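See below for the structure under consideration.
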2 protein chains.
Amino acid sequence: MGATKTEHFTDKQNAIATLAKALGHPARVAIIDYLLKVDACICSDIVNELPLAQPTVSQHLKELKNAGLIKGDIEGNTICYCIDEKALDKLQSYFANISTKLEKNKKDCC
Amino acid sequence: MGATKTEHFTDKQNAIATLAKALGHPARVAIIDYLLKVDACICSDIVNELPLAQPTVSQHLKELKNAGLIKGDIEGNTICYCIDEKALDKLQSYFANISTKLEKNKKDCC
DNA sequence: AATCTTTATCGTAATATTGCAATATCAATA
DNA sequence: TATTGATATTGCAATATTACGATAAAGATT
């Protein structure tokens with residue numbers, strides 16, 4: 001085996017898992033951090049910013065894009081990547097919701 | 001290769017990546033969902049709840065525990081797993097912070 | 001003590017991820 | 001049009017993840 005059994009879970013669970021997985025690598029977290037920092041959508045000095053070879057960075061960008069966390073527009077011979085707010089909003093509200101529930105329950109086991 | 005180059009990233013980036021990675025599988029999202037739903041720290045009917053074999057569930061629980069997302073206490077011959085608020089708070093504030101920054105920048109590229 | 005119940009571990013097969021060198025692509029510029 | 005610069009793709013090696021059957025461990029029950 002080795003393949004995730006996605007079909008047995010709800011769409012929502014799969015959606016969160018996909019987004020979380022995309023952020024499950026420090027390089028990809030670093031890319032998001034960088035895109036937030038340079039508040040214009042500066043393109044890929046990302047390669048210079050990261051301690052990884054260009055093909056590796058390109059691959060990480062692709063994964064972030066597939067997951068919907070970033071979008072990229074061609075702009076001449078470079079590409080302008082930027083954060084896709086929708087995906088991050090989804091994550092934000094997911095965790096905010098969890099925090100609310102945890103606050104309410106306030107059980108003291110474990 | 002194939003091993004993540006964690007040493008090149010910041011502690012914070014690695015910390016977020018570790019937590020996100022732990023949620024990067026629908027079964028583990030489902031486990032968190034379940035622990036939230038049963039508002040007592042009910043133990044492992046989790047196995048019955050999930051479409052996976054017991055050793056597989058046990059492995060997923062171990063990963064959530066290693067990442068710090070859940071904690072488990074032995075209680076007789078069963079184990080009481082429950083959500084570790086600290087980790088979820090960390091995620092919640094990470095994404096809340098991102099949302100705030102996105103709100104502020106409101107750039108319209110891409 | 002023998003058995004049951006619950007959970008963990010081991011071993012292993014299938015598959016996915018990570019990383020990079022080499023190469024391709026393609027728009028801009030000389 | 002030949003070259004440069006930015007990005008993507010291919011191919012491959014190393015490693016990690018996912019899943020589960022078999023088995024182990026250990027408290028509870030008979």
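Computed from a prediction, not measured in an experiment: that's the story for all the values here. Proteins get letters first, then strands, A, B, ... in listed order; numbering begins at 1 in each.
Side-chain nitrogen and oxygen atoms of A:His60 include none within less than 4.0 Å of the OP1 or OP2 phosphate oxygen of C:dT17. Checking the phosphate oxygens (OP1, OP2) of D:dT17, a side-chain nitrogen or oxygen of B:Lys21 falls inside 4.0 Å.
Distance, B:His8 NE2 to C:dG19 P: 9 Å, rounded to whole Å. In this structure, B:Leu52 places its CG atom 19 Å from P of C:dA14, rounding to the nearest Å. Rounded to an integer number of Å, the gap from CD of B:Glu63 to C1' of D:dA19 is 12 Å. Distance CZ (A:Arg28) to P (C:dA16): 15 Å, rounded to an integer number of Å. Protein atom CG of B:Leu64 is 11 Å distant from nucleotide atom P of D:dT18, rounded to whole Å. For A:Asp73 and C:dC26, the CG to C1' distance is 17 Å, given to the nearest whole Å. Look at CG on A:Leu50: it is 16 Å from P on D:dA6, rounded to the nearest Å.
Counted within 6.0 Å of CG on A:Asn48, heavy atoms from surrounding residues, nucleotides or ligands total more than 12; the atom is thus considered enclosed.
With hydrogens and angles disregarded, no donor-acceptor distance shorter than 3.5 Å links the side chain of B:Ser58 to the backbone of B:Gln54.
Looking at residues two or more places apart in sequence or on another chain, you find no ring-ring contact (aromatic ring centres under 6.0 Å, His included) involving A:Phe9.
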Under 3.5 Å, which protein N or O atoms sit close to an N or O of nucleotides 7-9 of chain C? Give each pair with its distance.
unit_1	atom_1	unit_2	atom_2	d
C:dT7	OP1	B:Ile79	N	3.3
C:dT7	OP2	B:Ser44	O	3.2
C:dA8	OP1	B:Tyr81	OH	2.6
C:dA8	OP2	B:Ser58	OG	3.0
C:dA8	N7	B:Gln54	NE2	2.8
C:dA8	N6	B:Gln54	OE1	3.0

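The distance from atom CD of A:Gln13 to atom CZ of B:Arg28, rounded to the nearest 0.5 Å, is 13.0 Å. We find the CG-CG distance between B:Leu50 and B:Asp45 to be 10.5 Å, quoted to the nearest 0.5 Å. With rounding to the nearest 0.5 Å, the separation of CG in A:Leu69 from SG in A:Cys82 is 12.0 Å.
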